Amino acid sequence: MNEQERAAYRAFVRENHPDRGGDPEVFAAGLARFREAEQDPIDDARFDAPVEVVRPLPFPVRVGVALIRTWHRRRNQRVL
């Protein structure tokens, strides 16, 4: 939902919400219309991309990463 659609949706809800005196049938119909517009298929290449399997890092690299994380954790300890 882009900014203009979001603004239109919010304006519609603000004007037609039943808690603010709007007609419940008009409100439900408007929400259905916004949902239909939102369900357009998303053309995003990420969803069609092949799945990549990431192999685990070699053991010496994992040990190095753990040591660096421990060093950072001890260096940035919070005083309570």
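The chain is numbered in sequence order, starting from 1. These numbers were taken from a predicted model, which means no experiment stands behind them. Basis for what follows: all heavy atoms, side chains included, without hydrogens, waters or symmetry-related copies.
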Using residues 57-75 as the side-chain source, report each donor-acceptor pair under 3.5 Å to any protein atom, sequence neighbours left out, with the distance given to one decimal.
residue: R62; atom: NE; partner: L57; partner atom: O; Å: 3.1
residue: T70; atom: OG1; partner: A66; partner atom: O; Å: 2.8

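- Shown here is F27, whose CZ atom has more than 12 heavy atoms of other residues, nucleotides or ligands within 6.0 Å.
- Other members of a hydrophobic cluster containing V51 are absent, since no ILVMFWY side chain comes under 4.5 Å of it, directly or through relayed contacts.
- For the atom pair CG (D23) and NE2 (H17), the distance works out to 13.0 Å, reported to the nearest 0.5 Å.
- Distance check, rounded to the nearest 0.5 Å: CZ of R33 to CZ of F12 gives 6.0 Å.
- Applying the side chain to side chain contact (heavy atoms under 4.5 Å, CB included) criterion to P24, with sequence neighbours excluded, gives P18.
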